[in-house]
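Below is one structure, written out as C-alpha cells, with a few remarks after it.
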Amino acid sequence: MSLSGKKITVIGAGIGGLTAAIALRARGAKVTVLEQAEAIIEVGAGIQVSPNGFAVLRALGLEDRFRQIAVQGQAVELRDYRADSLVARLDLGLLPEDQPYFFVHRADLVDILADAARAEGVKIRLLQKANTVEATDLPVVHLANGADMKADIVIGADGLHSRLRPVLNGVTAPFFTRQTAWRATIPNVIDHPNVSRVHMAPKRHMVTYPLRGGELINIVAVQERTGWAEEGWQHKDDPANLRHAFSDFGGDAKRMLAAVEDVGLWGLFRHPVAPIWHKGHTAILGDAAHPTLPFMAQGAVMAMEDSWVLTDALDQADTVEAGLAAYQARREDRVKKIVETANGNAWKYHLSFPPMRFGAHMGLRVVSKLAPKKLMQQFDWIYRHDVTKG
Ligand SMILES: Cc1cc2nc3c(=O)[nH]c(=O)nc-3n(C[C@H](O)[C@H](O)[C@H](O)COP(=O)(O)OP(=O)(O)OC[C@H]3O[C@@H](n4cnc5c(N)ncnc54)[C@H](O)[C@@H]3O)c2cc1C
C-alpha cells in the first residue's frame, strides 16, 4: 500500500513521535504532529542510544548529525560504591565497528529529529493537546481546545499517559516498584571517561555518563524505598536528599554527588505491555504501548524501532488494518522480552546480603577478566538487532 499522500496524524513530539513522522514522511505520507507543550523542550537528561537505535537514525539519514551531538561510549563499568572500585567492564569496543553505542542529551536528539522532520515537510503543531481519539477506519482526534482533526491514520506516540492507549485497551493501573530515581546533569567535575558507570550498592545504584563532548555528566540514582514519588518527570527535589541517600558512596561518585545543584525525583512504576496496539486506522507506539523501567536503557530506542517497523509494515501491507496488525506482530515479542529483562535487572545491582554480594561481584570480576566477550554477548539479542534490515 503506498503511503504517498496519506494523511497521518501523530500525537506527541517526543523521540517516538518525531522518528515516526520522519519515517512516514520519507514514504510520502502527509504528516502532522500534535504536541501538547508550547515548545519542543525536553527535560535536561541524557539517554543511552545503543546500536539498535542508532541503526534507525542511520537509516533515516541522520547519522552525521547524530554523531556531532553524541558521545560514543567505550565501555560500561560496574563499580562498587564505597571505594568506587571496578568490579567488571563491558567493553563496547567489542561491538562491530558499524554498531556503535552512544550517550546523548535528550534535548539535542529531539532537536535534530524536529529539524529533520520540519525540513522534510512534516507539520509540527504546538499547544495541541489530544483529549481522545475515535479509533475507527476514519479516525478523529478530539483536541482539548474543542477542535476535531480527521486523518487517514492516527498514531498515538503520546507517552506514558497516552490518550489513545486506554481507548484501545481500557484503563490499567500501574503499580509502584518501590524504587525511586533522581535525575540530574552536572558539569564534568571528574573528567568522566567516555564510559557508562554503574555504581552498585545495597538497595541503590547510580548510573553516570558524559554528555555534550564531555562538558556535562548525566546522573540517574535509584533507591529502593517504601514511600513513593508521583509518576512523571517533573518533580523537583532537594539535592541534599540525594546526597543523604547516597552518603556512603566514595571516590568519584561522591564528588559527582557533591556537584548536584538541581535534581528531579520520580517514582518508578510498572505498566503491563498493552495487549492491543491498534484498532481501525489507529495505533500506539513507544511508551504509549510499552513503558519500561529504565534498567536496560531501551525505552527511547524501542520507540525508534517501533517507528521504523510501523512505517515499513504499512508500506508493505495491502490495507491499513493488515499493516497495523503486522506492526504489532513484528514488535510484540521483542518488546515484551526487553521490558521483562529491565524489570528483572535492578536487584542484580542492589544486592544487600554481604556473602551474596561478594560472590556475585567475584563472579563478575572473573568473567570480566577471563571472558570479556561473554559479558557482552549476553546483550547481542538487543544491540545487534537491526529493524531496518528486516
Ligand atoms: C531516568 C530515565 C532514563 C532513561 N534512559 C533511557 C536510555 O538511556 N535509553 C533509552 O532508550 N531510553 C531511556 N529512557 C526511556 C525513554 O526516555 C522513554 O522510553 C522515551 O522517551 C519514550 O518516548 P516516547 O516518544 O514514546 O514518549 P515521550 O518521550 O514521553 O513523548 C511523548 C510526547 O507526547 C506529548 N504528549 C503527551 N500527551 C499528549 C497529548 N494528550 N496531546 C499531545 N501531545 C501529548 C508529550 O508532551 C511528549 O512530547 C529513560 C527513561 C527514564 C525515566
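Atoms within each ligand, like the ligands themselves, are counted from 1 in listed order.
Environment of NZ in Lys254: crowded, with over 12 heavy atoms of neighbouring residues, nucleotides or ligands closer than 6.0 Å.
Between Arg106 and ligand 1 there is a heavy-atom distance shorter than 4.0 Å. Residue Gln128 places a heavy atom under 4.0 Å from ligand 1. Residue-ligand proximity: Ala157 is placed with a non-hydrogen atom under 4.0 Å from ligand 1.
Looking at ligand 1, you'll find an N or O of Gly299 within less than 3.5 Å of one of its N or O atoms. In terms of polar-atom proximity, defined here as any N/O pair under 3.5 Å, Gly16 does make such a contact with ligand 1. Taking only nitrogen or oxygen atoms, main chain and side chain alike, Ala130 reaches within less than 3.5 Å of ligand 1. Residue Ala300 places at least one N or O, backbone or side chain, under 3.5 Å from an N or O of ligand 1. Where the criterion is an N or O separation shorter than 3.5 Å, residue side chain and backbone included, Lys129 fails it with respect to ligand 1. In terms of polar-atom proximity, defined here as any N/O pair under 3.5 Å, Ala297 does make such a contact with ligand 1.
For the residue pair His199/Asp84, the side-chain donor-acceptor check at 3.5 Å is satisfied. A side-chain donor from one of Asn52 and Gln298 sits under 3.5 Å from a side-chain acceptor of the other.
Listed by atom number, the atoms of ligand 1 under 4.0 Å from Ile15 heavy atoms are 25 (O). Near Leu34, with a cut-off below 4.0 Å to any heavy atom, the atoms of ligand 1 are 43 (C), 44 (N). Every atom of ligand 1 with a heavy atom of Arg163 under 4.0 Å away is listed here by number and element: 41 (N). Applying the 4.0 Å criterion to heavy atoms of Ile11 picks out, from ligand 1, the atoms 42 (N), 43 (C). Counting atoms of ligand 1 from 1 in the listed order, those under 4.0 Å from a heavy atom of Gly286 are 26 (O). Numbered from 1 in the order shown, with element, the atoms of ligand 1 that lie under 4.0 Å from a heavy atom of Ile47 read 5 (N), 6 (C), 7 (C), 8 (O), 9 (N), 13 (C). The atoms of ligand 1 that sit less than 4.0 Å from any heavy atom of Gln48 are 7 (C), 8 (O), 9 (N), 10 (C), 11 (O).
One option in His161, Arg125, Glu35 has a heavy atom closer to atom 49 (O) of ligand 1 than any other, and that option is Glu35. Nearest to atom 3 (C) of ligand 1 by heavy atom, out of Pro294, Ala342, Ala144, Ala20, is Pro294. Counting only non-hydrogen atoms, the option in Asp287, Val207, Val301 that gets closest to atom 26 (O) of ligand 1 is Asp287.
Contact between Val71 and Gly213 at its shortest, heavy atoms only, is CG2-N, 3.7 Å. In terms of heavy-atom proximity, Tyr101 sits nearest to Gln48 at OH-OE1, 2.8 Å. Contact between Gly323 and Ala313 at its shortest, heavy atoms only, is O-CB, 3.4 Å.
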Exercise for the section: Just do the side-chain contact (heavy atoms from CB on, under 4.5 Å) check on Glu321 and Asp137 with the steps written out, would you? Expected result: CA-CA 9 Å; Glu321 289 83 352; Asp137 292 357; 3.4 Å; yes
Problem - Step-by-step salt bridge (charged side-chain N to carboxylate O under 4.0 Å, His left out) determination, Asp252 to Arg255 - result: CA-CA 5 Å; Asp252 281 348; Arg255 289 165 59 205; 3.0 Å; yes
Handout entry: Full working for side chain to side chain donor-acceptor pair (under 3.5 Å) between Thr172 and His271
Key = CA-CA 8 Å; Thr172 43; His271 302 247; 5.8 Å; no
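Counting heavy atoms from C-beta outward, Phe379 and Met296 have side chains that approach closer than 4.5 Å.
Electrostatic pairing of Arg330 and Asp312 counts as a salt bridge here, judged by a charged N lying under 4.0 Å from a carboxylate O.
In this structure, Phe295 has its ring center under 6.0 Å from that of His205.
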